[in-house]
There are 2 protein chains.
Amino acid sequence: MNLPPLVQSFVLHFGEMGSRWGINRTVGQIYALLYVSPQPLNADDIVDALSVSRSNVSMGLRELQAWNLVLPRHIPDDRRDHFTTPDDVWQILRTLADERKKREVDPTLSVLRELLMQKPGSEEEKHAQARISEMHGLIERLTTWYEDVRRLETERLAALLALGARVTKLLDAKDKVVGLVRGRKEG
Amino acid sequence: MNLPPLVQSFVLHFGEMGSRWGINRTVGQIYALLYVSPQPLNADDIVDALSVSRSNVSMGLRELQAWNLVLPRHIPDDRRDHFTTPDDVWQILRTLADERKKREVDPTLSVLRELLMQKPGSEEEKHAQARISEMHGLIERLTTWYEDVRRLETERLAALLALGARVTKLLDAKDKVVGLVRGRKEG
DNA sequence: CCGTCATTTCAGAATTTTCTGAAATCTATG
DNA sequence: CATAGATTTCAGAAAATTCTGAAATGACGG
């Protein structure tokens, strides 16, 4: 591996982190490298930069493309494929969340739903179903919320985040206003 | 493994999902089992239920306790340790988020910050720093937001989720009101 | 279609992670 | 403080994953 020290640290950290998620070291490193690279890289560039085998890079790129985290980018007059990461970090966040949801949350939800359909054969199963139902309810709320806010333009999403817990003040204010209006109408 | 079918499916699913996160199969299964169990279980109960070795259970329980996802619960007149999961799913969510943040996000933030302190030695490093800075900014926003809303009582958090993207309407309304008031004062 | 360069596939090697059984340690009790 | 039950530790076995090199496949220009 022969990279500027700053890039190397970044790449190595992503490699380590990758393994804490389901992602393997090389895949993490490839992503990190493409992310900070000023121009698209081809597979051999990556081989040189990371000192891993050509085939390993090929598989890693395939996985990253399946996640929509890396895109092929054609370079004129060059037969080799080149790759980049999308550069809007907010969009990257959405992609990452979408993909994790698709792979991890959705299948879980569907298993839980299925289990909730079954008729419990014992007190123990009845209790299990009650617990599963709580979990299902929570996950469903979270995903509904996510699907809702993921559509917001970056601008508004950022505003929302910046507001943080203070939204609740806004909520209180709204309730107050609604209460006032109701009171006036009904009183 | 000899469990009611419903419980067995749930446990097996968690085992599989576990491996997609950083968590290993047995740990996932132990958690799932305790989660749906009507009463606290001791290590041997778990050995019987999951057909894994005693030592594996011991290590799994240790890991789950380190994550604060499983608690020891003493049963009177029984020398053996028993274990449960906290039962408020909202609290479980907070715990899970806290722990993942602590293990994955915080170390990353600190690496990124460190890299941003360095003086870039080339154009390439300068570009890398710009990219790292974008990522750092995003993660910092997200964690600040998280630290903010994690303190909300369940009630309010649920209300917030239920509102979803409609909060932005509220935001617009607020801006309007503020605008009106300003207008009146200044006009 | 042929030759060249690029990419993918895949069987097995290398590595890492997980799991086990035996031994060590810990803990309460008589 | 000896003993029996409970738990943990840990070295190595077993399993799973990652990685590689060689061969196959694909793609393009002539």
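Throughout, protein chains are lettered first and strands after them, A, B, ... in sequence-line order, and every chain is numbered starting at 1. The analysis underlying the following values was restricted to heavy atoms, covering all of them including side chains, and did not include hydrogens, waters or symmetry mates. Quantities reported herein were computed from a predicted structural model and do not represent experimental measurements.
Side-chain N/O atoms of B/Arg62 include one lying less than 4.0 angstrom from OP1 or OP2 on D/dT9. Proximity of A/Arg54 to the phosphate of C/dT7: a side-chain N or O atom is located under 4.0 Å from OP1 or OP2. Close to C/dT29, at under 4.0 Å from its OP1 or OP2, lies no side-chain N or O of B/Arg79. Between C/dC19 and B/Asn24, a contact under 4.0 Å exists linking OP1 or OP2 to a side-chain N or O. Under 4.0 angstrom from either OP1 or OP2 of C/dT20 there lies at least one side-chain N or O belonging to B/Asn56. Distances shown here put every side-chain N or O of B/Ser19 at or beyond 4.0 Å from the OP1 or OP2 atom of D/dA16. The side chain of A/Ser53 places no N or O atom within less than 4.0 Å of a non-bridging phosphate oxygen (OP1 or OP2) of D/dG21.
With rounding to the nearest 0.5 Å, the separation of CE in B/Met59 from CD1 in B/Ile30 is 11.5 Å.
The base of D/dG21 lies close enough to the side chain of A/Ser55 for a donor and an acceptor atom to sit less than 3.5 Å apart.
Side-chain contact between B/Leu61 and B/Leu34: present, with at least one pair of heavy atoms (C-beta onward) separated by less than 4.5 Å. Side-chain contact between A/Asn2 and A/Asp48 is absent, with no heavy-atom pair separated by less than 4.5 Å.
In this structure, NE2 of B/His82 is placed 12 Å from C1' of D/dA6, rounded to the nearest angstrom. One interatomic measurement links the two molecules: CG of B/Asp44 to P of D/dT8, which rounds to 12 Å at whole-angstrom precision. Remark: P of D/dT8 and CD1 of B/Ile46 are 11 Å apart, rounded to the nearest angstrom. C/dA6 atom P lies 14 Å from atom CD1 of A/Ile75, rounded to whole Å. Remark: P of C/dT7 and CG of A/Asn42 are 7 Å apart, rounded to the nearest angstrom. Between the CD1 atom of B/Ile30 and the P atom of C/dC19 there is a distance of 9 Å, rounded to whole Å. Between B/Asp77 atom CG and D/dG5 atom C1' the separation is 16 Å, expressed in whole Å. The distance from atom CG of A/Asp78 to atom C1' of D/dA27 is 14 Å, rounded to the nearest whole Å.
Of all nucleotides listed (D/dT9, C/dT7, D/dC19), D/dC19 comes nearest to the side chain of A/Arg25. When distances are taken from the side chain of A/Val52 to each of C/dT7, D/dT9, D/dT20, the shortest belongs to D/dT20.
Across all strands shown, A/Asp81 has heavy atoms under 4.0 Å from sugar-phosphate atoms exclusively, and none from any base.
In terms of modelled atom types and a separation under 3.5 Å, the side chain of B/Glu125 and the main chain of A/Val7 share no donor-acceptor contact. Between the side chain of B/Arg94 and the backbone N or O of B/Arg150, at least one donor-acceptor pair lies under 3.5 Å.
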